[in-house]
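Here, residue 1 is the first one in the sequence, and each next residue gets the next number. Every heavy atom of this structure was used, including side-chain atoms; hydrogens, water molecules and symmetry mates were not. These figures come from a predicted structure and were not determined experimentally. Ligands are counted one by one from 1 in listed order, and the atoms in each one are counted from 1 as well.
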Amino acid sequence: MSQENVDLEARLEEQEAFEPPESFVEQANVSDEGIYDEFEENWPECWERAADLLSWDEEYDTVLEDDDAPFYRWFTGGTLNASYNCIDRHVEDGAGDRVAIEWEGELGETRTYTYEDLLEEVNAFAATLRDLGVEEDDVVTLYMPMVPELPIAMLACARIGAPHSVVFAGFSAEALATRMNSAESEYLVTCDGYYRRGDPLDHISKTNEGLEDVDHEVSDVVVVDRLGDELEHDLAENQHDWADLVDDNRGETVEPVSRDAEDMLFLMYTSGTTGQPKGVKHTTAGYLAYTAWTSHAVLDIEPDDTYWCSADIGWITGHSYIVYGPLALGTSTVMYEGTPDYPEKDRLWEIIEKNEVDIFYTAPTAIRAFMKWGKEYPEKHDLSSLRLLGTVGEPINPKAWKWYYQHIGGGECPIVDTWWQTETGGMMVTTLPGVNTMKPGSAGPPLPGIDARIVDTQGEEVDAGNAGYLTVHNPWPGMLRTLYNNDERFISEYWEEYSDEEADEWVYFPEDGAKIDDDGFITVLGRVDDVINVSGHRLGTMEIESAIVGVEGVAEAAVVGGDHDVKGEAVYAYVIPEDGYEGNDDLRDQIVTGVEDAIGPIARPEQVVFTPELPKTRSGKIMRRLLEDIASGNELGNTSTLRNPEVVDDIAKEVQGD
Ligand code: WTA
């Protein structure tokens, strides 16, 4: 290692604040810090700036209607179409030849769609959906991996005003059925399979298994043929090959349906504190305006950029920042099908070099894996095209931040650590890369127009440096409108805790712990509810517990998150076997399979610990905090308030393996 590198490393280790490079600031979409005051002084009209990024069929009358809070309505009176905004208008503006989607398959094949191409594909699939009988407001479920047909299907749904509900391809058959049942969705688009680490993976069998548990009639299923001859499968009577249908409709034009600003654009199911996932409803204008605005202001996206977010479109990050935000701005968005270590651990850096990616957005868990693999992998590639880096999904530790800054950004790219949620639609707390100082480990101040505060259990703001709860005290255009068919749960999950209903003062509670410093920078500490964050994937401990107690031989189970070097958190399951059953490898295997069947491999327990008892308070509540400490290897606090303190040592020994 050269002396220069040693010096830089030593400097980075000590440094706690970083200024954005002058060269970045000069070209940034937003570089004036006055924007914070501007938004505050002119709220809510400030959000017209976001709405101005869109093309409207009918101008809106009112920016915000709050007479029925917390059921806020944005840009009311306006009409527009999301697919038109993401495609047609760019073609009309003469950018038809610009790349819209650059797709990299895992095996090395690529597909490039210009805006013109994308328009043709989306039109053809929109016509196909119409032919199948899909009408405005019918929910279409998309159970698809990272193939270009996924964003094409999303935009085709948007074109005809049919909300989509994307179910992450890694979710199980059962998870698919639960979501289709909840949304009463009668149409499904899926895929025969996809590649993982070079091997074909069967997806259609899982789909068919899920369809058996759908409690209503499913009219049609469209199947993308990704694997060709590698996977033989039959199509049932109501199942159609994507290519056959689309070829029949090639050349068709489907007029984009004018949607009301508040019409639903999509549903996205996410984990909550009960076993039942929540259907988060996002609307056409507010969501699109907000993702476009944050893509512009935070990701600094320009139309001639090549931008890459390495998330999966099956999660909100992919919806907002692979598809809707970037395409609304008319940029080129990269999509990668596979894993970051196939065929080698430099795959992502190879993709960046080859496509001359300007902006790269990924998750801390990925960065921690890159660190483990070593800097020699990025060093093999010319990453100098990069101008900005981003992270999302979980807290990033300063060490990983600095590694990312040095080895991927070459010390020359600002990093935006963006805090947000499925429910918020887009970024909420992060630095503006052309404005703010960066502090590794701290997401930054709330974005302009966002009134986020850290409060104690009474709702009083805490002093700088103290931990409290993150809360949002005003609405924003990208917010969820409700939980699908469940207004009551919408209120109880997000608003009840800190709002004063009588005073009509509404406070959104995201269920995250956080602290704030003297500069107003927020450090997010993690979830304070029974949701854990494994590799940036949100999982409900209740969902996992109910899968485990469904396994024969299990009497009781408690699931918690424990610290994990790469994944951030990992699933730990503490299980009491039923009388007559033994906690052995056999039962352990069945528990793991049970979890995979109910949710998917992402929820697989890191460790299953059998115990005759769980630590409980005198009132019979399981002491989860204690189980978390055991899983994380933390020192255990006072256990004297327990009804059964003696079980704690036994469990801890079991976890530590001695
Ligand atoms: C966590 C993902 C710290 C947080 C976009 C939140 C973060 C949950 C960050 C939402 C961040 C997301 N720093 N924690 N930058 N970003 N989180 O719905 O706990 O999958 O509540 O949305 O991820 O997860 P979701």
With a 3.5 Å cut-off and no angle check, do the side chains of Tyr287 and Ser320 form a donor-acceptor pair?
-> yes
For Tyr321 and Thr291, test the side chains for any donor-to-acceptor distance below 3.5 angstrom and give the result as yes or no.
-> no
For ligand 1, what is the set of protein residues having any non-hydrogen atom at a distance below 4.0 Å?
-> Ile316, Thr317, Val392, Gly393, Glu394, Pro395, Asp417, Thr418, Trp419, Trp420, Gln421, Thr422, Asp512, Val524, Arg527, Asn533, Arg538
Counterpart residues, side-chain contact (heavy atoms from CB on, under 4.5 Å), relative to Asp463 (two or more places apart) = Asn466
Please tabulate, for side-chain N and O atoms in residues 438-446, each donor-acceptor pair with protein atoms closer than 3.5 Å (sequence neighbours left out).
unit_1: Lys439; atom_1: NZ; unit_2: Asp517; atom_2: OD2; d: 2.7
unit_1: Lys439; atom_1: NZ; unit_2: Asp519; atom_2: OD2; d: 2.6
unit_1: Ser442; atom_1: OG; unit_2: Ile522; atom_2: O; d: 3.1

Charged N to carboxylate O below 4.0 Å: is that the case for Glu394 and Arg368?
-> yes
Sequence neighbours left out, what passes ring-ring contact (aromatic ring centres under 6.0 Å, His included) with Tyr143? Give chain and number order.
-> His203
